[in-house]
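Heads up: the structure comes next, in structure tokens.
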Amino acid sequence: DPVLKVRDVCLSYHTLSGETPALSHISFDLMPGEFLSIVGPSGCGKSTLLNLIAGLIEPECGSITLKGKTVSSGSTSVGYMLQKDHLLEWRSIYKNILLGLEIRGELTPEKLAHAEELLHTYGLDRFRDARPSQLSGGMRQRAALIRTLVLEPELLLLDEPFSALDYQTRLNVSDDIGKILKSSGKPAILVTHDISEAISMADQVLVLSARPATVQKVVDIHLSVE
Ligand code: ADP
Ligand code: ADP
């Protein structure tokens with residue numbers, strides 16, 4: 001069964017200058033452990049779609065369900081990673097990784113042990129006491145990802161997480177993070193304007209049209225390389 005079902009979703013922004021349709025009748029499914037990339041022209045509505053899936057905004061029509069439940073704001077089952085890593089510069093990497101647990105009041109021995117394990121598995125042990133400014137851009141994104149994984153989300157959303165990195169770093173980091181995500185077994189959705197990044201990381205690529213976004217194509221990467 002799909003983990004995520006997006007059905008016939010639409011949304012417009014209503015501003016003083018009028019109505020801006022952003023998404024029109026978007027439908028797709030995400031299977032357990034699947035990695036979906038979403039590509040489309042700038043301003044077509046990709047971030048809006050992720051915000052809807054995160055439950056931060058509500059669709060005007062259609063429905064979005066995660067494991068059978070309608071997504072809603074305050075839901076803790078979606079992890080969201082953005083272009084900026086939003087690491088707190090005055091905290092060590094370790095303390096940054098624990099931030100979400102701390103906010104939720106979930107600093108239990110099990111969760112702390114899980115944080116330790118993630119730090120170790122993903123090679124951040126040696127940076128645990130470092131400040132974010134001492135890390136490379138790629139390592140910072142790794143730390144941001146671990147901060148999200150430690151919360152054990154059922155779904156990960158990544159909105160252009162590599163666009164602040166230079167080209168070569170971007171290639172390395174996207175490959176690296178792609179592997180981490182695959183090994184975590186979490187379903188994930190990546191929004192990017194970089195088509196090669198979309199293809200290299202994903203099982204499926206969803207191509208959106210210019211605003212208001214509609215689904216133009218769903219490309220199954222495994223099938224298309226055969
Ligand atoms: P993308 O992520 O594909 O670049 P967005 O989802 O950010 O696109 O935006 C889709 C469209 O909706 C754009 O035209 C954008 O200007 C508009 N938009 C986004 N957020 C708002 C908002 N809060 N209020 C009004 N218009 C918005
Ligand atoms: P992206 O392209 O990465 O989605 P943007 O620069 O388009 O980012 O948007 C950044 C923020 O500004 C988002 O929170 C979005 O909702 C908001 N925004 C974008 N376009 C508009 C708009 N026309 N009016 C109001 N807010 C907007």
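In what follows, every heavy atom counts, from backbone to side chain, and hydrogens, waters and symmetry copies are set aside. Since this is a predicted model, take the numbers as computed values, not measurements. For ligands, and for the atoms within them, numbers begin at 1 and follow the listed sequence.
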Below the 3.5 angstrom mark, is there an N/O of Ala22, backbone or side chain, next to an N/O of ligand 1? no
What do you reckon, does Gly40 put a non-hydrogen atom under 4.0 Å from ligand 1? no
Could Arg140 and Glu89 be called an ion pair, given the rule that one side-chain N must be under 4.0 Å from one carboxylate O? yes
Close-contact set for ligand 1 against Ser47 heavy atoms, below 4.0 Å: 1 (P), 2 (O), 6 (O), 7 (O)
Side chain, backbone, both or neither: which part of Thr15 has a heavy atom under 4.0 Å from ligand 1? side chain
Purely on distance, is any nitrogen or oxygen of Thr20 under 3.5 Å from one on ligand 1? no
Is Arg142 reaching over with its side chain to a backbone N or O of Tyr122, donor-acceptor style, under 3.5 angstrom? yes
Do the side chain of Gln141 and the main chain of Pro161 share a donor and acceptor less than 3.5 angstrom apart? yes
Polar contacts were defined as any N/O atom of the residue lying under 3.5 Å from an N/O atom of the ligand; does this apply to Thr48 and ligand 1? yes
Asn96 CG to Arg147 CZ distance, which is reported to the nearest 0.5 Å: 6.5 Å
Donor-acceptor side-chain pairing of Thr214 and Ser24 below 3.5 angstrom: no
